[in-house]
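Protein chains get the first letters and strands the later ones, always in sequence-line order, with residue 1 at the start of each.
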Amino acid sequence: MSSFELLSANMKRKIWEMKWDSLTPIQEKTIPLVFHTQNDLVISSGTASGKTEAALLPILSMVEKDAMHALKVIYVSPLKALINNQFERIEKICEHSDIAIHRWHGDVSQSKKKRFLENPTGILQITPESIESMFVNRSNLLRAVFKDVDFIIIDEIHSFFDNARGVHLRSLLSRLAKYAEKPPRQIGLSATVDNFELVKSWLNYEQPDNVEVLNIKGNDKNLKFHLMHVQQDAPMLPLELLMDLRELTRDRKAVVFCNNRGQVEEVTVGLNRLADREGMGETYYPHHSSIDKKEREYVEKVMTESTLPKSVIATSSLELGIDIGNIEIVIQIDSTFSVSSLKQRLGRSGRKRDADQLLQLYSTSEPNLIQSLAVMELVIENWVEPSTGYQLPFDVLFQQLISICQETDGVRYPELLDNIRAIPIFHSIEEADVQNLISHMINEDYLEVIKGSGEIIVGLAGEKLLRSKDFYAVFMSSQEYEVMENHKKIGKLDQSFILNEGDNLILAGKLWRVKDIDHDRKKVYVEKAVNGKKPSYSGFPGYIHPRIREKMMEILCSTDSFRYVNDSAVSTLNDERKKYVFNEVTPSERIIWSDREEMIFEAYTGTKITKTLVWMLRYYGVNAKIKDSTDKISFPHVDVIQKIFNKIKNKSWVEADLVPYVYEQEWLESKYSKEIGEELAIKMHIANEFKINEAVNFLQKYELRIIEAT
DNA sequence: GACCTGCTGCGGACTG
């Protein structure tokens with residue numbers, strides 16, 4: 001029987017009505033697996049390949065009869081905007097089958113939530129944080145709601161693999177499965193995945209072999225790409241770059257990705273000025289997390305509905321699958337920090353059938369040119385950073401312990417331990433450390449032991465966390481000032497971006513003058529202005545994978561040319577290569593550039609290995625620090641540096657050796673890292689930040705060479 | 001020298 005024939009009459013009818021010529025390859029493959037196996041699935045394929053329908057058509061065919069009376073499917077999404085996007089799509093599919101679809105996230109009204117709880121049926125679309133809120137606030141209803149769930153669909157599942165939020169979701173789904181009469185089958189929808197082992201055990205730790213990963217790479221789209229280097233010598237972006245951007249986007253719908261929010265503002269205003277000179281109306285729209293939600297939704301709507309060549313300038317806020325219509329070209333200003341990010345952004349274009357994928361890269365500095373080339377070459381090689389998971393998640397466990405004590409309304413110590421043991425995502429945490437954490441939490445009043453019964457409940461300090469709306473998410477968020485024009489919200493500014501009355505700034509692509517600042521309420525009142533400077537926001541610098549830095553060194557040591565770059569890129573690359581060519585450096589070497597005062601070690605490896613090398617050097621008394629954006633290590637001139645690196649290479653390190661050499665601001669920080677106690681915080685740092693074996697391997701693999709300045 | 005994600009319940013005023 002064909003995949004189509006397997007579907008229910010209602011689903012077939014819907015497919016006819018939608019006038020599909022055929023099912024997509026991923027749908028052909030998925031449908032029989034849903035019907036004929038009991039496997040969990042990860043469906044991985046490109047944008048617009050019909051993944052959502054691949055999962056939903058067979059699932060709804062199977063559950064449609066029972067879905068009138070009970071909740072059968074949970075759809076988990078990392079974004080509220082995706083829930084809203086998908087709601088309409090799913091509603092369409094369900095048109096003939098009367099399956100109810102319920103949205104549950106922070107913007108959904110209490111009355112709708114109540115109505116769902118009174119009659120939980122059909123499909124529930126929800127975020128991880130809202131599942132948490134059900135455990136905290138509706139614990140008496142959990143069985144009634146979840147008992148008949150057969151399927152859990154996790155959209156954009158790759159966004160959960162390597163972070164605390166993913167651990168949080170896993171923990172919630174394990175807790176939820178307890179309330180279902182039989183364990184629900186899980187279906188993940190994903191962009192390209194690597195590291196199948198991790199993916200399988202992430203989805204089903206007890207039976208990873210029960211997970212099938214469908215990875216359809218088949219992208220028959222033709223990718224056309226070009227890199228333009230324009231050296232930036234001033235704080236402002238070069239006019240030449242803006243004019244080229246204007247040229248490229250005059251007749252096309254584009255997404256322009258920037259690496260920070262301030263640059264989004266600068267580029268939007270710059271491009272609108274150029275368009276204005278040509279007598280065009282508003283053509284460029286900014287999109288990032290510090291622009292008010294209403295404004296962002298408006299931009300998404302304009303991009304989806306407009307047939308005119310309008311463009312959106314964005315940060316990674318538009319990296320996941322929020323609908324912005326058919327994009328003809330993707331533009332990236334300065335290199336992304338990962339290959340997977342560039343791939344993901346690339347996937348935003350060419351949704352139209354038979355359309356090519358177009359990509360324009362710009363670089364504005366020498367190191368960025370090299371990194372842009374390295375990342376692009378790795379895309380061409382079809383390499384992507386493998387998932388690594390989130391190690392020793394004591395911070396999430398801390399939050400989940402409070403949540404479990406709330407859910408159970410008091411639980412005896414052995415049962416609490418059983419509860420934790422039943423959550424596989426915490427398997428890497430030793431029993432003794434679970435006990436350490438619970439004792440610590442009791443000592444600090446996050447938990448409390450009731451005299452007599454011995455039951456553990458949420459303590460006073462825990463109540464304080466639990467009763468704040470900040471409890472539900474496990475990731476950190478920064479304090480920002482709200483920017484208002486009278487009563488209208490414009491967006492937000494970072495606390496560290498200090499302004500005074502009368503100062504001018506750009507926000508949401510418009511120019512403002514500060515009228516008044518209310519520090520108590522954290523509000524900035526503004527009025528329209530004719531000029532302004534771009535805002536800056538503070539954030540953690542992230543990690544770069546070793547392979548990208550290795551590729552950069554390979555490019556610097558080679559004489560290969562790249563056919564997709566402009567003349568300025570060629571000459572800049574040649575200049576950058578000179579000192580390596582002159583010294584006949586090979587990619588199997590790493591250079592320590594030396595003058596009388598200072599040495600600069602170009603490790604050209606990943607961020608975590610570089611940091612570990614810094615801590616190792618400090619152990620031997622070398623006052624090392626990371627110098628700049630290329631992860632170079634600098635330290636005062638040391639005559640015997642080769643000997644020290646030999647010692648590092650040959651020492652049998654234990655983790656405790658390095659702990660005293662981690663400076664205050666270098667410790668891993670997460671939402672609850674301050675609350676879990678010093679001992680566990682150090683363990684978390686060690687597990688996530690120390691790369692001792694990798695650093696030693698690095699020193700064994702590469703030959704270090706000192707080159708004296710001439 | 002990054003980026004992004006999420007969010008309750010309750011009391012009180014007001015509207016139809």
What integer distance in Å separates [X]:[atom1] from [N]:[atom2]?
{"X": "A:Gln479", "N": "B:dG6", "atom1": "CD", "atom2": "P", "result": "18 Å"}
{"X": "A:Asn368", "N": "B:dG1", "atom1": "CG", "atom2": "C1'", "result": "11 Å"}
{"X": "A:Phe257", "N": "B:dC4", "atom1": "CZ", "atom2": "C1'", "result": "12 Å"}
{"X": "A:Arg348", "N": "B:dC4", "atom1": "CZ", "atom2": "C1'", "result": "14 Å"}
{"X": "A:Leu320", "N": "B:dC3", "atom1": "CG", "atom2": "P", "result": "16 Å"}
{"X": "A:Leu318", "N": "B:dC4", "atom1": "CG", "atom2": "C1'", "result": "11 Å"}
{"X": "A:Asp162", "N": "B:dT5", "atom1": "CG", "atom2": "C1'", "result": "15 Å"}
{"X": "A:Glu156", "N": "B:dG6", "atom1": "CD", "atom2": "P", "result": "12 Å"}

So the salt bridge (Lys or Arg N to Asp or Glu O under 4.0 Å) pairs with at least one residue in residues 257-270 of chain A (sequence neighbours excluded) are A:Arg261-A:Glu480, A:Glu266-A:Lys534
Requested in this report: Name all pairs fulfilling the salt bridge (Lys or Arg N to Asp or Glu O under 4.0 Å) condition that reach into residues 128-138 of chain A, sequence neighbours left out, sorted by first residue then second.
Outcome: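 Residue pairs with at least one partner in residues 128-138 of chain A: A:Glu129-A:Arg165.
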Note: contacts of residues 75-84 of chain A with DNA chain B (heavy atom, under 4.0 Å) are A:Pro78, A:Leu79, A:Lys80
Among residues at least two apart in sequence or on other chains, which ones pass ring pair (Phe, Tyr, Trp, His ring centres under 6.0 Å) with A:Tyr481?
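A:Tyr481 satisfies ring pair (Phe, Tyr, Trp, His ring centres under 6.0 Å) with A:His519 only.
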Sorted by chain and number, sequence neighbours left out, ring pair (Phe, Tyr, Trp, His ring centres under 6.0 Å) with A:Phe116 holds for A:His102
Picking from B:dT5, B:dG1, B:dG6, the nucleotide nearest the side-chain atoms of A:Ala473 would be B:dG6
Considering only heavy side-chain atoms of A:Ser477, the closest of B:dG1, B:dC3, B:dG6 is B:dG6
Taken in chain and number order and not counting sequence neighbours, the residues that satisfy salt bridge (Lys or Arg N to Asp or Glu O under 4.0 Å) with A:Arg467 are A:Glu463
Residues at least two apart in sequence or cross-chain that pass salt bridge (Lys or Arg N to Asp or Glu O under 4.0 Å) with A:Asp107, listed by chain then number, are A:Lys80, A:Lys293
#### Entry: Under-4.0 Å side-chain N/O to phosphate OP1/OP2 contact, A:Arg261 with B:dG1
no
| message | B:dC4, OP1 or OP2 - any side-chain N/O from A:Ser289 closer than 4.0 Å? | response |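 Checking A:Ser289 against B:dC4: at least one side-chain N or O falls below 4.0 Å of OP1 or OP2.
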Side chains of A:Asp334 and A:Thr364: is there a donor and an acceptor less than 3.5 Å apart? yes
_Side-chain H-bond candidate by donor/acceptor type, A:Gln332 with A:Asn259, under 3.5 Å_ = yes
Does the B:dG1 base have a donor-acceptor partner in the side chain of A:Asn259 within less than 3.5 Å?
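Checked by distance alone, the answer is no.
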Item checked: First encountered from the 5' end of DNA chain B, between A:Phe337 and A:Arg165 ->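 Looking at DNA chain B, the more 5' nearest nucleotide goes with A:Phe337.
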* Asked: Any donor and acceptor pair, going by atom type alone, linking the side chain of A:Asp395 with main-chain N or O of A:Ser673 inside 3.5 Å?
  ->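 No, A:Asp395 side chain to A:Ser673 backbone: no donor-acceptor pair under 3.5 Å.
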At 4.0 Å (heavy atoms only), tell me whether [X] reaches a base, stays on the sugar-phosphate, or touches nothing.
{"X": "A:Asn163", "value": "nothing"}
{"X": "A:Phe471", "value": "nothing"}
{"X": "A:Tyr543", "value": "base"}

Polar pairs (N or O, both sides) under 3.5 Å between protein and nucleotides 8-13 of chain B?
unit_1: B:dT8; atom_1: O4'; unit_2: A:Tyr472; atom_2: OH; d: 3.0
unit_1: B:dT8; atom_1: O3'; unit_2: A:Asn137; atom_2: ND2; d: 3.0
unit_1: B:dG9; atom_1: OP2; unit_2: A:Gln110; atom_2: OE1; d: 3.2
unit_1: B:dG9; atom_1: OP2; unit_2: A:Gln110; atom_2: NE2; d: 3.2
unit_1: B:dG9; atom_1: OP2; unit_2: A:Arg138; atom_2: NH2; d: 3.3

Ring of A:Phe475 versus six-membered ring of B:dT5: centres under 5.5 Å and planes under 30°?
yes
A:Glu366 meets the side chain to side chain donor-acceptor pair (under 3.5 Å) criterion, sequence neighbours left out, with A:Gln231
